[in-house]
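Heads up: the structure comes next, in structure tokens.
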Amino acid sequence: LDMLEQLPDLAPFEVLSPAISGVREAIAGQRALIGARYEEALAIYRGRLATLDAPSQHLSATQLERARLLLNYALGALQAGLGIKGALEHAQALDELQHGQIMAAAVRESYYVRLGNTRDAEQWRRRMELLQIQLKRPYALKIRQTTQQLECSAQADDLEETKRNLEVLQELREIYPSAEPYVRYAHGAYERIRGDYARALQHIRDCLAISSPGRHAVWPWAAACELECLRAMGRSDEARSVGQTRVHEARQAGLGIMANHVELVFALAEADCGDFAAAAEKIDRNIEYREQFGMRGLNLGWAYDARA
């Protein structure tokens, strides 16, 4: 995000070419994606994809195909990570585009992971890995796929899979230093599942120290894990106080569904403290939002599990 913010404002140059507006939209979409403002990112990418279907004299056929490739992947990956069925339509579109097969397999794997369909997820993971070998692109999409798998395994308290994702991220960090916040989150999630909540909390707060709301996609996951650790340590009053702050920070940063993710654990801390009415109201609102947004599988199930 720091690198994107160093780019000059391209608005004065839009009069020179309509393509400049497309670049500005791409930058805005990337900022929203990095900051976990997923609703905003989806709106930007959908709008941009729709404009590609209109007659244009400003992009070559090669440029149009490249743009369709990247936008279909961005939309497919985002919807897959949220458990939205529309992800499969973008995977199909990717299959029909040159160089889109790895992306298509990645989208399908992420979608089935979120549905909790481990058999199909594993099938598409193997398909993606085979394509990576055949096309000599071993690291293509590796960070995004691993972080999405980590989010699911950590939320599901899957110790073995969380450990596997941690090890992959540690390897990727050697190539992509930007993976460091996710490595710290993975350490924290792993220790939490093992039951070492004090060590988990330290790792998570290390993660929060190098990420911030609206500027790194791992922040809401780390914020929620922080509250889970405090609750597990019997520090529910502190979890409630910290949770109120974290939810406020998330809302101030423009987070939508990911602010709701933090709010779910905050609501459980409220219930721990005896405020069942406030907790139930938050969780019910969260469930309604997820259903209206078209979320399925684990993403919706987590909310219902909290309500139970």
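Note that the numbering runs from 1 along the sequence shown for the chain. We use all heavy atoms of the structure for the numbers below, so side chains are in, but hydrogens, waters and symmetry mates are not.
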Identified side-chain contact (heavy atoms from CB on, under 4.5 Å) partner of M103 from the options L94, L97, N72 =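 Single side-chain contact (heavy atoms from CB on, under 4.5 Å) partner of M103 among L94, L97, N72: L94.
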If hydrophobic clusters are built from ILVMFWY residues whose side chains come within less than 4.5 Å, do [X] and [Y] share one?
| X | Y | result |
| --- | --- | --- |
| L33 | M295 | yes |
| W219 | W221 | yes |
| L70 | M128 | yes |
| L166 | I210 | no |
| Y38 | I287 | no |

Closest approach of [X] and [Y], non-hydrogen atoms and distance?
| X | Y | result |
| --- | --- | --- |
| S153 | E161 | CB-CG, 3.5 Å |
| A87 | V107 | O-CG1, 3.5 Å |
| A250 | A259 | CB-CB, 3.6 Å |
| A121 | E109 | O-CG, 3.4 Å |
| Y45 | Q30 | OH-N, 3.4 Å |
| A306 | I283 | O-CD1, 3.7 Å |

Indicate whether any N or O donor in one side chain lies under 3.5 Å from an N or O acceptor in the other, for [X] and [Y].
| X | Y | result |
| --- | --- | --- |
| Q170 | H187 | yes |
| Q149 | Q145 | no |
| Y197 | R231 | no |

Inter-residue atom distance [X].[atom1] - [Y].[atom2], 0.5 Å rounding:
| X | Y | atom1 | atom2 | answer |
| --- | --- | --- | --- | --- |
| T146 | E171 | OG1 | CD | 9.5 Å |
| Q79 | L88 | CD | CG | 9.5 Å |
| L135 | H99 | CG | NE2 | 9.0 Å |
| L230 | E238 | CG | CD | 4.5 Å |
| L300 | Y289 | CG | OH | 13.5 Å |
| E151 | N165 | CD | CG | 10.0 Å |

Side-chain contact, heavy-atom cut-off 4.5 Å: [X] with [Y]?
| X | Y | answer |
| --- | --- | --- |
| Y112 | T118 | no |
| L52 | L71 | yes |
| R251 | N260 | yes |
| F266 | V262 | no |
| H261 | R290 | yes |
| I204 | L208 | yes |
| Y73 | L141 | yes |
| F293 | N299 | no |

Under the criterion salt bridge (Lys or Arg N to Asp or Glu O under 4.0 Å), which of R192, R235, R246 is the partner of E228?
->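 It is R192; the other options fail the test.
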Is there a side-chain contact (heavy atoms from CB on, under 4.5 Å) between H90 and L49 once you walk through the steps?
-> CA-CA 11 Å; H90 293 289; L49 185 60; 4.1 Å; yes
Is the shortest side-chain N to carboxylate O distance from [X] to [Y] below 4.0 Å?
| X | Y | answer |
| --- | --- | --- |
| R125 | E122 | yes |
| R164 | D158 | no |
| E291 | R296 | no |

Quick check: does any side chain N or O of [X] sit under 3.5 Å from a backbone N or O of [Y], one acting as donor and the other as acceptor?
| X | Y | result |
| --- | --- | --- |
| R114 | G81 | yes |
| D275 | A271 | no |
| T147 | R144 | yes |
| E65 | Q98 | yes |
| Q155 | W302 | no |

More than 12 foreign heavy atoms under 6.0 Å from [atom1] of [X]: is that the case here?
| X | atom1 | value |
| --- | --- | --- |
| E167 | CD | yes |
| E160 | CD | no |
| R173 | CZ | yes |
| R126 | CZ | no |

Would you call the rings of Y182 and Y185 parallel, tilted or perpendicular, where under 30° means parallel and over 60° means perpendicular?
-> perpendicular
Carefully, step by step, assess V242 and L227 under the rule side-chain contact (heavy atoms from CB on, under 4.5 Å).
-> CA-CA 7 Å; V242 173; L227 304 184; 3.8 Å; yes
Could you go step by step and tell me if R240 and D272 meet the salt bridge (charged side-chain N to carboxylate O under 4.0 Å, His left out) rule?
-> CA-CA 9 Å; R240 184 180 190 179; D272 291 340; over 6 Å; no
Can D95 and R108 be said to form a salt bridge (charged side-chain N to carboxylate O under 4.0 Å, His left out), step by step?
-> CA-CA 11 Å; D95 270 332; R108 291 188 177 101; 2.8 Å; yes
Decide side-chain contact (heavy atoms from CB on, under 4.5 Å) for L82 and L42; before the verdict, give the C-alpha distance in whole Å, the side-chain angles of both, and the deciding distance to 0.1 Å.
-> CA-CA 11 Å; L82 295 171; L42 281 170; 4.1 Å; yes
Determine, step by step, whether L255 and M258 satisfy the side-chain contact (heavy atoms from CB on, under 4.5 Å) criterion, reporting the C-alpha distance in whole Å, the side-chain angles of both residues, the deciding distance to 0.1 Å, and the verdict.
-> CA-CA 6 Å; L255 274 61; M258 295 313 298; 4.0 Å; yes
Should E263 and R285 be marked as a salt bridge (charged side-chain N to carboxylate O under 4.0 Å, His left out) after you check the CA-CA gap, both sets of side-chain angles, and the distance that decides it?
-> CA-CA 10 Å; E263 189 177 53; R285 185 176 65 242; 2.9 Å; yes
